[in-house]
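Some notes on the structure that comes next.
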Amino acid sequence: MPAPSLRALRAFAETTRAGSLAGASRSLNVTPSAVSHLLRELEQILSITLFSAHNPRIRLTEAGAALGARLITAFDAIDLAIAEATHQASDIRVSTLSSFLTLWLVPRLTSFQSRHPDTCLLLTTGTQPVDLAAEPFECAIRWGRGEDGASGWTGLEKTLLFRDRPVLVTAPRLLNAASELPRLAARTRPDDWRLVAGALGLPDAPSALTFETRALAVQAAVAGMGAAVVDRNLIAEMLANGLLAERAPDPPVLGPDGHWFVTLPGRLRVRQVRQFRDWLISEARVNGRASVIGYPPDATDLRPAEVAGIRSRFRNPSGCAEQPQLD
C-alpha cells in the first residue's frame, strides 16, 4: 500500500480540527473542493471510511476520529519544532497579562529597547497561565501569591515585582465627586471595590459597568465615565501625567497577590532573559519609590448636574456578561 501524501494527511487533520471542509480550506488557504479531493485520496489509499456524513458539518467514523486526533497532535508537534528551529537566539518570548501589558509594560518598553537594542521581545497575552516546560515561552508575568505549593507555581524561578495596592481613580476633574460617580469594575477583580470602598468609608453599592479587564475599566475612567479601582502600581505613570487622579486609602490597602516574573531555573542562563528580568526589577523599584499624589482636579468643581448626567448613563447595575479573562 502506498503511503498517503503529507498534503492529504494535513488536509484531514485540519478538517478534523475545524469540523468542516470550509474551515479546513481557510486554514490551508486552498479551495473546499481541493480539500475534498485530498480527503477522497486519503480514504482510497487507506481503504477505510473516515466520514459518516459531510454536510453541513463533517461527522467522523470511529476510525476517522482516532486518526484525526493523532494527526492533529503530530502536526502541532511539527509546527512547534519548526518554530523552535527558526527562533532567533536574541528573541525572548514572554507570556503576560493584558492589563499589565497595556498599563505598565508598554509605556516602559522604550527604556528596555534603548538599553538592549539587540533583544527582541515577543509579547503574548493569554487567559490562562502557560506551562513554561511545554510551551514556547522563555518567561512569563503572572499574578498571584507565588506559593510553591500552589498549582502552576512549583519548580519556577519567581521574582516579585510588586504587590497589589488598589486605589480609586477618576478623571481629574471628577475627583471631588468620586463617591457619587458610577462604579466601573473588572470582572477578574470582584473584590477590589469592596476593599477600597470600605477603607475610604464609602457605602457598598453595585457596579454600573463591568469590563473584562482592569485596563478597560481604567480607560473608561480616563474618558470620564465613572470611577474605577485599580492597582496603583499599574497606573502610576497615568497619575503623574495627569490622566487620572486618585483617592487612596490611608493606611494603604495591600493585597496578598501581586505581579511576578517567572521562568524555569535553567532559562536564567540565557543572558537576554536575565537582562529582561533585571530590567523589570529596576523599573518596579522606581515605580515603587514614586510618591505621586495624583493630579489635582480642575479649579472649577464639577457641578451636581454634571455628576447626575454621568450617573444617568448607567441605569442597569448588573454590568456586562462578557467571559472573564485573566488580566
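Please read these numbers as outputs of a predicted model, since none were measured by experiment. For the numbers below, each heavy atom of this structure counts, side chains included, while hydrogens, waters and symmetry mates do not.
Counting heavy atoms from C-beta outward, Val169 and Val229 have side chains that stay 4.5 Å or more apart. No side-chain heavy atom of Glu212 sits less than 4.5 Å from a side-chain heavy atom of Ser98. Between Leu181 and Thr170 there is a side-chain heavy-atom pair separated by less than 4.5 Å. Side-chain contact between Ile92 and Cys120: absent, with no pair of heavy atoms (C-beta onward) separated by less than 4.5 Å. At least one side-chain heavy atom of Leu202 sits under 4.5 Å from a side-chain heavy atom of Arg247. Side-chain contact between Phe261 and Val273 is present, with at least one heavy-atom pair separated by less than 4.5 Å. Side-chain atoms of Thr102 and Arg214, non-hydrogen and from C-beta on, never get closer than 4.5 Å to each other.
Under the 30°/60° scheme for interplanar angles, the aromatic rings of Phe112 and His116 are found to be tilted.
Side-chain contact check for Trp193 and Ser207: no donor-acceptor pair (N or O, by modelled atom type) lies under 3.5 Å.
Residues Arg17 and Glu14 are paired through a salt bridge, judged by an N-O separation under 4.0 Å between the basic side chain and the carboxylate. Salt-bridge annotation for Asp257 and Arg142: absent, with no side-chain N of the basic residue lying under 4.0 Å from a carboxylate O of the acidic one. The residues Arg10 and Asp79 are annotated as salt-bridged, a charged nitrogen and a carboxylate oxygen being separated by less than 4.0 angstrom. Here Glu138 pairs with Arg93 in a salt bridge; the nearest charged N to carboxylate O distance falls below 4.0 Å.
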*Could you walk me through whether Arg108 and Glu237 pass the side chain to side chain contact (heavy atoms under 4.5 Å, CB included) check?*
CA-CA 10 Å; Arg108 293 170 169 81; Glu237 290 286 324; 3.6 Å; yes

*asked:* Could you walk me through whether Leu50 and Leu39 satisfy the side chain to side chain contact (heavy atoms under 4.5 Å, CB included) test, starting with their C-alpha distance in whole Å, then the side-chain angles of each, then the deciding distance to 0.1 Å, before giving a yes or no?
replied: CA-CA 9 Å; Leu50 299 173; Leu39 296 179; 5.8 Å; no

*Go through the steps to decide whether Leu71 and Leu67 satisfy the test side chain to side chain contact (heavy atoms under 4.5 Å, CB included), and finish with yes or no.*
CA-CA 6 Å; Leu71 286 176; Leu67 177 62; 3.8 Å; yes

*Stepwise side chain to side chain contact (heavy atoms under 4.5 Å, CB included) test for Leu216 and Thr213*: CA-CA 6 Å; Leu216 293 174; Thr213 68; 3.4 Å; yes

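Heavy-atom neighbours of Arg59 CZ from other residues, nucleotides or ligands within 6.0 Å: at or below the threshold of 12. At most 12 heavy atoms of other shown residues, nucleotides or ligands fall within 6.0 angstrom of atom CG in Asn29. Heavy atoms from other residues, nucleotides or ligands lying under 6.0 Å from CZ of Arg163 number more than 12.
Smallest separation of non-hydrogen atoms from Val196 and Leu168: CG1-N, 4.1 Å. The minimum heavy-atom distance linking Thr61 with Ser52 is given by the pair CG2-N, 3.9 Å.
The backbone N or O of Ala69 lies less than 3.5 Å from a partner atom in the side chain of Thr73, making a donor-acceptor pair. Not one N or O on the side chain of Arg267 forms a donor-acceptor pair closer than 3.5 Å with the backbone of Val262. Although no hydrogens or angles enter the test, the distance criterion places a donor-acceptor pair under 3.5 Å between the side chain of Ser99 and the main chain of Ala215.
Test Thr188, Asp231, Asp164 against Trp143 for side chain to side chain contact (heavy atoms under 4.5 Å, CB included) and you get one pass: Asp164. Of the candidates Thr124, Thr96, Leu122, Phe137 forms a side chain to side chain contact (heavy atoms under 4.5 Å, CB included) with just one, namely Thr124.
Figure legend: Arg145 and Trp153 shown without cation-pi pairing, the cationic atom not lying both under 6.0 angstrom from the six-membered ring centre and within 45 degrees of its axis.
The salt bridge (Lys or Arg N to Asp or Glu O under 4.0 Å) search around Arg271 returns none, not counting sequence neighbours.
The ring pair (Phe, Tyr, Trp, His ring centres under 6.0 Å) contacts involving residues 154-182 comprise Trp104-Phe162, Phe162-His259, where partners must be two or more places apart or lie in separate chains.
Ring to ring, Phe12 and Phe75 are not that close: their centroids are 6.0 angstrom or more apart.
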